[in-house]
Amino acid sequence: MHGRVKVRTTEEERERKKKEQVLKMRAYRAAMTRIQKKRSLGELDDEMLGLTVQILLRNPDITTLWNIRRECVLRKTAELQMAMEKDEARSKQEVGKEDESDNPKVVKEDESDKPKVGEQGDGDKKAGEQKEDGTKEILAQQLQSIYKTELDLTEQCLMVNPKSYNGWHHRCWTLEQNPQADWQRELQLCNKYLKYDERNFHTWDYRRYVSDKASVPAEQELDFCTEKIKVNFSNYSSWHHRSLLLPKLYPNEQQDRPMSEHKLKEELEMVLTAAFTDPNDSSAWFYQRWLLGSGAHTEQKATVAAFRCWPHKAQLSLKRSHPELAQLTVQLISGQKTLQLQPWTSVNSEKNQWQCEQAIEIDPSQDYFLDVAGQRMQLAVQPSDQSLYYFVPPHATS
Amino acid sequence: MDFTTFVKPSNGGATESDDTSKLQFWKHVKYIENHGKQEDDYEYCMTEFLRMSGIFWGVTALDIMGQLDRLDRKSIIEFVKRCQCPVSGGFAPCEGHDPHMLYTLSAIQVLAIYDALDVIDCDAVVRFVVGLQQPDGSFFGDKWGEVDNRFSFCAVATLTLLKRMEQTIDVEKAVKFVMSCCNQTDGGFGSKPGAESHAGLIYCCVGFLSLTHRLHLLDVDKLGWWLCERQLPSGGLNGRPEKLPDVCYSWWVLSSLTIMGRLHWISSEKLQQFILSCQDTETGGFSDRTGNMPDIFHTLFGIGGLSLLGHPGLKAINPTLCMPQYIIDRLGIQPQVLNQA
Amino acid sequence: MSDDLPEEFDLIVIGTGFAESCIAAAASRIGKNVLHIDSNDYYGDVWSSFSLEAFNKLLEQPSSSVRNGTYTWHNATEEHGQEQGQEQETTSWTRESLLEKSRRFSLDLSPRVAYCAGSLVQLLIKSNICRYAEFRSLDHVCMLYSKELVSVPCSRSDVFNTKTLTMVEKRLLMKFLTACNDYGEDKCNEDSLAFRGGTFLEYLQAQRVTEKISNCVMQAIAMCDASTSFETGMERTQRFLGSLGRYGNTPFLFPMYGCGELPQCFCRLCAVYGGIYCLKRSVEDINWTESELLVSSAGKTLRAKHLVSAPSQLPATLATHFGDPEPRLSRGLFITSKPLGSEELNKGGGGVNFLRLLTTSGEREACLIQLSHYSGACPEGLYILHLTTPAVSSNPAGDLADFVAQLFDPNASEILYSAYFTIAAPAAESIANAATPIYCTAGPVYEQDYDAAIENARHIFSQLYENEEFLPRAPDPEEIVVDGEDPSALNEHSLPEDLRAQLQDLEQAAQQMDIAE
């Protein structure tokens with residue numbers, strides 16, 4: 001221990017950083033040039049995978065490099081599939097001659113620069129008759145290791161940037177390619193990432209995707225949400241996830257609330273506790289408002305404000321605009337007779353005033369009803385011109 | 001997590017000083033003008049994968065400031081032309097990269113601003129966009145299958161600018177898919193069905209509905225409430241509850257509220273203060289939050305936000321397409337906007 | 001080994017207790033030539049931790065600083081009836097089985113916790129000594145409420161999750177703590193102005209909190225009694241709140257493997273900067289001239305410009321200059337097979353829990369630290385209970401009786417071992433008044449954290465080396481630049497490992513392809 005110690009100053013640190021950036025930039029440009037050259041030559045090989053890794057680990061947002069990797073994976077897996085099929089075909093007619101004339105050649109040609117597959121090619125030749133199962137297994141293992149490389153890479157990239165759309169998508173893509181994907185492992189990964197950032201919406205989206213694939217019971221997901229909320233109730237992501245699960249788990253028969261009365265009470269208790277602990281937390285308020293809101297909000301109901309019909313046309317005025325009126329059934333009913341009114345054309349840009357030109361037989365001595373998508377209202381007769389009308393009662397207007 | 005974090009939200013409050021109380025107009029012009037002039041700038045080099053969008057951000061910001069002539073129109077148009085993929089018809093962010101929906105919209109926006117849509121093969125662009133629509137109405141970003149509402153917005157925005165919405169894509173299905181992403185809890189939207197509401201995605205979906213004239217499908221009051229709750233004591237807006245404010249959210253939230261006729265639900269004055277506090281008074285440009293490094297992306301959204309708030313000296317910006325309003329008028333396009341309520 | 005020892009030093013430090021080690025490290029750090037010796041064969045002096053056997057031995061041989069020691073094996077007689085029990089799942093512990101694991105114990109003489117934002121943690125971070133230490137975040141801060149041990153909520157989530165508070169109480173507690181947290185930020189905070197000069201209890205009562213919350217604040221958060229002033233109570237509350245949310249769920253840390261690790265961290269830094277260490281070396285005599293001190297030790301005379309010592313390690317003739325040691329802390333130590341409190345408080349085998357106690361009359365206080373094997377200080381399945389109170393007599397068991405009675409029955413079968421002892425040191429005034437050129441450290445006092453000890457070290461250091469910084473940041477090994485090297489000359493070897501490899505690969509590839517540089 002001699003020589004005085006000296007702490008690097010920020011000035012020196014800046015200098016160092018600049019030099020580092022120049023080197024990084026040169027490396028990046030050299031690699032990109034090489035990658036593009038190789039791609040134009042169709043060299044989707046291990047070197048290509050190696051080059052893209054170097055850049056992606058630092059910048060996982062470069063979509064094109066992921067595309068190139070997908071091309072490489074598709075090429076490699078197709079080759080392996082082919083080898084596997086051949087292997088299978090050969091083992092079927094195994095009793096006959098050893099048909100090694102073309103199979104190893106194909107492997108050798110295409111995989112000349114891949115040591116692993118090359119070795120396996122040699123193995124093929126040597127162990128012809130006894131290792132057939134083994135060969136298939138080896139090929140299957142190699143297939144899995146291709147997928148594993150991609151999963152490991154995305155995992156590393158997502159550590160660098162957990163919000164990389166590309167990283168997450170490549171992971172999904174890889175798993176979709178693999179019929180033997182381990183979805184349980186993915187669920188663990190979500191747990192890990194959500195511990196690291198409990199609000200990362202990419203991870204939550206991925207979790208929904210994965211739990212669906214892994215057929216995780218909704219109860220289990222709800223428990224997970226509860227745990228997350230216990231850790232920090234200012235977790236809008238978790239309340240949101242919860243809001244998707246509860247209506248499924250505890251459906252409300254009347255549809256006037258998002259979930260059954262019993263569960264609703266429990267949820268209210270929980271969300272009120274959050275609000276009492278910290279009234280500044282907006283997550284709880286949004287959730288509470290949803291709990292107490294109507295469950296029937298899913299449908300955009302067409303509510304009739306006014307209706308009038310004459311012998312040659314009908315006019316309909318809706319409380320809110322509803323451009324899909326053509327898709328609803330609008331009927332005029334009297335006694336046993338039902339008349340379908342159509343087609344409707346809108347007469348204003350707001351799309352809440354509609355008109356239907358149609359011959360309508362009106363008998364003022366009859367009782368008439370208007371039926372709009374199941375809502376029924378009684379019509380009155382206008383004595384002067386014997387038209388029928390309906391007007392929403394004043395107290396019901398909002 | 002502790003008692004203190006919510007008491008003192010660490011959300012970079014707007015610090016009042018002479019420099020940040022008013023728009024550093026010429027510094028921003030210089031910042032955008034110089035952006036990318038140094039080919040050897042590290043940040044510039046490492047962001048080539050989104051260059052096309054970078055150009056759109058710069059071009060639009062300068063046009064809003066009435067300084068579009070500072071960039072070389074010809075070389076930009078040439079660059080955009082070179083990025084069109086001869087096979088798919090889509091645009092790449094720069095040469096050597098693959099085409100993608102995101103950069104296709106940026107390319108069309110840049111050409112629309114320069115009134116140069118005739119220099120490219122528009123039919124091929126339409127083919128590219130139409131080819132990415134899926135049976136459920138959603139859109140892929142490119143042939144590799146990522147689904148996201150951002151791409152639904154890009155698709156209809158691109159087709160709107162090309163005036164090719166009619167008889168190309170299945171608009172009904174596209175609307176149905178976007179609406180399937182509407183969350184019952186807050187009336188907002190996420191990137192795909194079931195995804196948590198997020199201001200950026202809300203902008204995409206509200207913008208989508210504005211372009212397809214389907215704004216009546218929104219629960220405007222519910223969503224408007226959630227959006228205006230994004231404003232924090234500092235005046236800045238965040239993208240989701242309990243998050244930090246960010247200048248780009250001032251665009252996403254603000255434009256959505258504008259389209260929905262609810263701009264007056266937030267404090268314009270405080271937001272303006274926040275946006276101005278994110279200016280880099282030394283180099284020009286805007287950062288995400290007060291005191292951070294500026295970038296071209298936040299620079300557009302800072303200036304765009306100020307334009308929506310009616311800041312003097314800036315041209316009007318169209319809230320749906322994030323382009324100068326005079327361009328939208330010139331094209332004769334009318335995205336739907338709700339009346340103030 | 002004494003033969004090759006140099007004879008001249010800037011500073012000789014006698015005793016490796018907490019304050020002495022701080023001073024040794026601080027002097028060495030600014031380039032002073034330091035000799036650090038201790039008459040014991042271990043580091044830490046009265047701040048050390050011991051194996052069970054060594055601990056018993058220590059109690060059997062009273063010293064000037066550790067005295068009145070007794071220990072008892074509670075289960076020795078039951079040994080007979082437990083023979084079959086040995087095979088059951090729940091191990092029955094005997095004196096023998098405990099002693100067998102003697103070395104797995106790390107029994108502290110002066111245990112304490114550290115506030116996450118307190119002066120110890122700040123000092124460790126600032127000086128970069130933290131890389132020598134490892135801590136466990138305390139699991140629970142507890143209080144006694146109607147004879148029940150309950151966890152004090154230490155975060156919003158705790159408040160949200162706790163079942164001991166009603167919804168309204170949750171709001172009251174959060175509101176109160178928020179107000180305390182904001183206190184002082186707004187100078188003209190009118191609500192609290194009225195309470196200046198009053199007591200903290202008065203302030204608390206005026207907030208109309210429930211009894212349970214009042215208890216929680218007074219006992220555990222503000223650590224007050226009825227007479228504590230408003231200002232002090234507020235300061236302590238803010239100290240508690242300011243340490244939350246930093247490391248783990250509570251505001252406290254406890255050193256892994258016991259508090260005896262801490263003096264050693266400072267010694268390690270001292271050694272890195274060239275300090276020389278000699279254990280088992282006592283000082284026979286000290287003489288001084290105008291300019292230097294002459295220390296006779298193991299037949300050798302060592303010269304030093306300055307001398308710092310723990311009073312207990314001085315030759316008897318000199319020690320009297322600093323006054324007779326007086327009882328400072330009454331200590332109790334229990335080994336039990338069952339933790340205190342509910343299962344909820346000891347989830348997964350328990351961690352480290354803290355409890356502040358008051359006598360029934362409210363006049364005296366004590367603190368309890370309960371350690372499980374997760375602290376690294378005892379074998380799995382056992383728990384150490386450290387009780388500490390300011391000494392009022394030379395009878396530590398008597399001083400602690402009231403507190404023990406509140407906590408557990410000392411005759412209960414799960415109590416396997418108990419020990420009582422007194423930590424003694426000369427009074428602070430006599431140390432201050434001593435007329436020698438020797439700087440004497442103060443020894444442990446009753447406090448939760450290390451504030452007084454650090455202040456003691458800092459004070460002595462400033463007297464020795466006026467205007468020098470006390471423990472400035474020590475660089476990480478990778479930051480150390482050898483003199484003369486041009487730091488801005490970046491060569492490939494100073495690049496991060498992965499980048500270097502990448503660069504080599506790429507440049508190779510680029511060369512093959514004739515890419516112009």
Side-chain angles (χ1 to χ4, degrees), chain A residues 1-9 11-38 47 50-51 53-55 57-58 156 226-235 269-281 284, chain C residues 29 31 153 155-162 165-175 178 249 271-274 472-492 494-496 498-513 515 517:
Chain A
M1 270 297 148
H2 47 85
R4 284 193 16 236
V5 288
K6 180 173 166 186
V7 181
R8 208 172 257 122
T9 66
E11 189 65 38
E12 288 160 355
E13 201 55 49
R14 242 202 306 279
E15 188 74 12
R16 198 182 103 101
K17 185 138 199 160
K18 229 184 189 168
K19 291 205 173 184
E20 205 178 287
Q21 285 186 345
V22 171
L23 286 173
K24 274 191 195 165
M25 206 152 62
R26 255 170 53 203
Y28 170 76
R29 291 213 168 114
M32 280 307 271
T33 314
R34 176 105 185 100
I35 287 168
Q36 280 154 6
K37 180 91 183 285
K38 282 178 72 70
E47 189 200 353
L51 286 164
V53 164
Q54 296 297 334
I55 304 179
L57 279 178
R58 269 166 206 85
Q156 281 183 64
T226 310
E227 277 313 306
K228 281 279 155 213
I229 288 168
K230 277 185 176 172
V231 171
N232 177 14
F233 61 83
S234 292
N235 186 339
E269 166 94 26
M270 179 155 97
V271 84
L272 277 177
T273 306
F276 267 74
T277 305
D278 181 1
N280 294 330
D281 176 71
Chain C
R29 178 70 186 80
S155 63
R156 287 162 86 239
S157 329
D158 279 357
V159 176
F160 174 66
N161 293 320
T162 185
L165 299 178
T166 66
M167 219 183 267
V168 173
E169 282 179 321
K170 289 177 185 202
R171 185 80 288 270
L172 285 172
L173 179 64
M174 287 298 285
K175 208 176 143 200
T178 307
N249 198 44
V272 165
Y273 281 84
R473 184 175 178 277
D476 289 324
E478 61 273 20
E479 287 172 336
I480 294 171
V481 179
V482 179
D483 244 2
E485 183 189 316
D486 174 10
S488 60
L490 177 87
N491 57 24
E492 259 186 35
S494 54
L495 281 176
D498 58 336
L499 185 64
R500 196 161 73 215
Q502 179 199 358
L503 193 71
Q504 275 166 2
D505 288 355
L506 294 172
E507 287 192 337
Q508 216 169 8
Q511 266 167 17
Q512 283 167 8
M513 299 177 53
I515 298 170
E517 288 285 314

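Letters A, B, ... mirror the listed sequences (proteins, then strands); counts begin at 1.
- Partners of A:Q156 by side chain to side chain contact (heavy atoms under 4.5 Å, CB included), not counting sequence neighbours, listed by chain and number: A:L57.
- We find the NZ-CG distance between A:K230 and C:D158 to be 12.0 Å, quoted to the nearest 0.5 Å.
- A heavy-atom distance below 4.5 Å is not found between the side chains of C:M174 and A:P279.
- Counting heavy atoms from C-beta outward, A:I229 and C:F160 have side chains that approach closer than 4.5 Å.
- Distance CG/C:L172 to CZ/A:F276: 10.0 Å, rounded to 0.5 Å.
- Using a 4.5 Å heavy-atom cutoff, the side chains of C:R171 and A:T277 are not in contact.
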